[in-house]
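Only one structure is covered here, and it is reproduced in the block below.
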Amino acid sequence: MSAGSASPSPSSIRVVVVDDHPVFRLGMVALLSTLDGMEVAAQASSVAEVLEVVDAEVDVVLMDLELGDGSGVDATRRLVQTYPEVRVLVVTMHEDDESLVASVRAGARGYLVKGADPAEVERAVRAVANGEMILGAAVAARAMTFMAASHQVRSTVFPELTDREREVLDLVARGHDNASISRRLVLSPKTVRNHVSNVLAKLGVPDRSAAIVRARDAGLGLEA
C-alpha cells in the first residue's frame, strides 16, 4: 500500500515502512514524514506487499520481523538479493540474540527494538542509509562471535544443503523441536517443516533421529 510524496527531493532518503500493526506503522510513517531530508516512499503490511512496493530507488526499509504472511527475515533476504543497495533496518519487539543473528545473516544493516525514541529512530535511519551498521556494541559482539563460530563449521559440511537448511539441521541436532526452531529463526512453522523435510530427503535419512546422528557426526549440534 503506497503512501509516498508525489515530488520527492533528489537528496531525500526514501524509506519504506513495513509492519502489520497499523497503529505502529502509521505512527512511524508520521514520525519519518516530519524529519528533514526523509520521504516515506511507501508502506506495507506483509511480505507480498513489501516485495511489490520496494524498488531500486528505495534507500531504507524499516522491517518488522513478524508479518501476517511470513517472516521479515525471509523478506529481508529476498530484498537484499534483488536490490543489494537497499538497506534494511529491522524494527521489532524481539530482543533475543537469535532474532538479531537471523536478521544480520539475512542482510539487515541495523536492528532496533520497538520502543526506541524518535531520536534513536532518526539516527538509525540516517546511519543505515549512509552505509553504517547499527547494533549495540555488546549485542553486536555476541552476534559476530556466534556467526563466526557457526559459519566455520556449517560452511564445510553437507554442501548439498542450503545455508538455511544447514542452520535448521544444526538446531535439530541440538534437540530443538520445530516450534522452538520457528521462534529462534523467526520462521513460520510450515517453513520449518518444509526445511526439515528437505534436509531428510537430501541426506537420504528416514527420520529426524537419523538426521541428528548424521549431523552430530559431522560436527553440528554440539554447541550448548
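Every heavy atom of this structure was used, including side-chain atoms; hydrogens, water molecules and symmetry mates were not. Given the structure is predicted, the values throughout are model-derived calculations rather than measurements. FYI, the numbering just counts along the sequence from 1.
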Between side-chain atoms of residues 121-129 and protein atoms elsewhere (two or more places apart, or another chain), which donor-acceptor pairs fall under 3.5 Å?
unit_1	atom_1	unit_2	atom_2	d
E122	OE2	R126	NE	3.0
E122	OE2	R126	NH2	3.0
R126	NH1	D36	O	3.3
R126	NH2	D36	O	2.6

Discussion item. Applying side chain to side chain contact (heavy atoms under 4.5 Å, CB included) to L65 and V73, what does each step give before you reach the verdict?
Written reply: CA-CA 6 Å; L65 290 185; V73 171; 3.8 Å; yes
Worksheet item: Closest approach of S45 and D20, non-hydrogen atoms and distance?
Response: O-CB, 3.3 Å
Item to complete: Kindly indicate, with the supporting measurements, whether the criterion side chain to side chain contact (heavy atoms under 4.5 Å, CB included) is fulfilled by L112 and V90.
Response: CA-CA 6 Å; L112 281 183; V90 170; over 6 Å; no
Response to the item:
Heavy atoms of A215 and F158 approach each other most closely as CA-CE1, 4.0 Å
Worksheet item: Residues in side chain to side chain donor-acceptor pair (under 3.5 Å) with R214, at least two apart?
Response: none
Worksheet item: Does the side chain of L161 come within less than 4.5 Å of V168's, by heavy atoms?
Response: no
Practice prompt. Enter the distance from D19:CG to L67:CG here, rounded to the nearest 0.5 Å.
Written response: 7.5 Å
Discussion item. Looking at S71 and V186, would you say the former's side chain and the latter's main chain have a donor-acceptor pair under 3.5 Å?
Written reply: yes
Discussion item. As an exercise, state the distance from CG of D59 to CD of E39, rounded to the nearest 0.5 Å.
Written reply: 9.0 Å
Worksheet item: So, does T191 use its side chain to make a donor-acceptor pair with the main chain of L187 at under 3.5 Å?
Response: no
Discussion item. When you compare the side chain of D170 with that of E167, does any pair of heavy atoms fall below 4.5 Å?
Written reply: no
Which pairs would a plain distance check flag for residues 199-208, meaning a side-chain donor or acceptor within less than 3.5 Å of a matching protein atom at least two apart in sequence or in another chain?
unit_1	atom_1	unit_2	atom_2	d
K202	NZ	E160	O	3.4
K202	NZ	E165	OE1	2.8
K202	NZ	E165	OE2	3.3
D207	OD1	S209	N	3.3
D207	OD1	A210	N	2.9
R208	NH1	N178	OD1	3.0
R208	NH2	H176	O	3.2
R208	NH2	N178	OD1	2.9

Worksheet item: Any idea which heavy atoms bring V86 and V58 closest together, and the distance?
Response: CG2-O, 3.4 Å
Discussion item. Please enumerate all residues that pass side chain to side chain donor-acceptor pair (under 3.5 Å) together with S46, with sequence neighbours excluded.
Written reply: none
Worksheet item: Who pairs with R77 by side chain to side chain donor-acceptor pair (under 3.5 Å), at least two apart in sequence or on another chain?
Response: D74
Discussion item. Using a 3.5 Å distance criterion without hydrogens, assess whether the side chain of R166 forms a donor-acceptor pair with backbone atoms of V157.
Written reply: yes
Worksheet item: For the residue pair A75 and L51, what are the closest heavy atoms and their distance?
Response: O-CD2, 4.5 Å
Discussion item. Once side-chain contact (heavy atoms from CB on, under 4.5 Å) is applied, do any residues pair with D177, and if so which ones, sequence neighbours excluded?
Written reply: A179, S180
Discussion item. Among residues at least two apart in sequence or on other chains, which ones pass side chain to side chain donor-acceptor pair (under 3.5 Å) with T82?
Written reply: none
Worksheet item: Does anything in residues 60-72 pair up under salt bridge (Lys or Arg N to Asp or Glu O under 4.0 Å), and if so which pairs, sequence neighbours excluded?
Response: D64-K114
Fill in: Side chain to side chain, L79 and V61, heavy atoms closer than 4.5 Å
yes
Worksheet item: Is there side-chain contact between L62 and V18, with heavy atoms separated by less than 4.5 Å?
Response: no
Worksheet item: Is it true that a side-chain atom of R14 and a backbone atom of V60 form a donor plus acceptor pair closer than 3.5 Å?
Response: no
Discussion item. I'd like to check the side-chain contact (heavy atoms from CB on, under 4.5 Å) partners of P189; sequence neighbours left out, ordered by chain and number.
Written reply: S182, R193
Worksheet, complete the sentence: Residues passing the side-chain contact (heavy atoms from CB on, under 4.5 Å) test with E52, sequence neighbours excluded, are none
Discussion item. Under the side chain to side chain contact (heavy atoms under 4.5 Å, CB included) test against Y111, which residue among M63, M133, H94 passes?
Written reply: H94
Worksheet item: Under the side chain to side chain contact (heavy atoms under 4.5 Å, CB included) criterion, do M28 and Q43 qualify, and how do the steps go?
Response: CA-CA 10 Å; M28 184 63 75; Q43 53 179 296; over 6 Å; no
Worksheet item: Between the main-chain N or O of R78 and the side-chain N or O of Q81, is there a donor-acceptor pair closer than 3.5 Å?
Response: no
Worksheet item: Would you find a donor on one side and an acceptor on the other, under 3.5 Å apart, between the side chain of N130 and the backbone of E132?
Response: no
Item to complete: Test side chain to side chain contact (heavy atoms under 4.5 Å, CB included) on L171 and L185 and set out the steps.
Response: CA-CA 10 Å; L171 291 173; L185 298 183; 3.8 Å; yes
Practice prompt. Keeping the roles fixed (side chain from R87, backbone from R109), state whether a donor-acceptor pair exists under 3.5 Å.
Written response: no
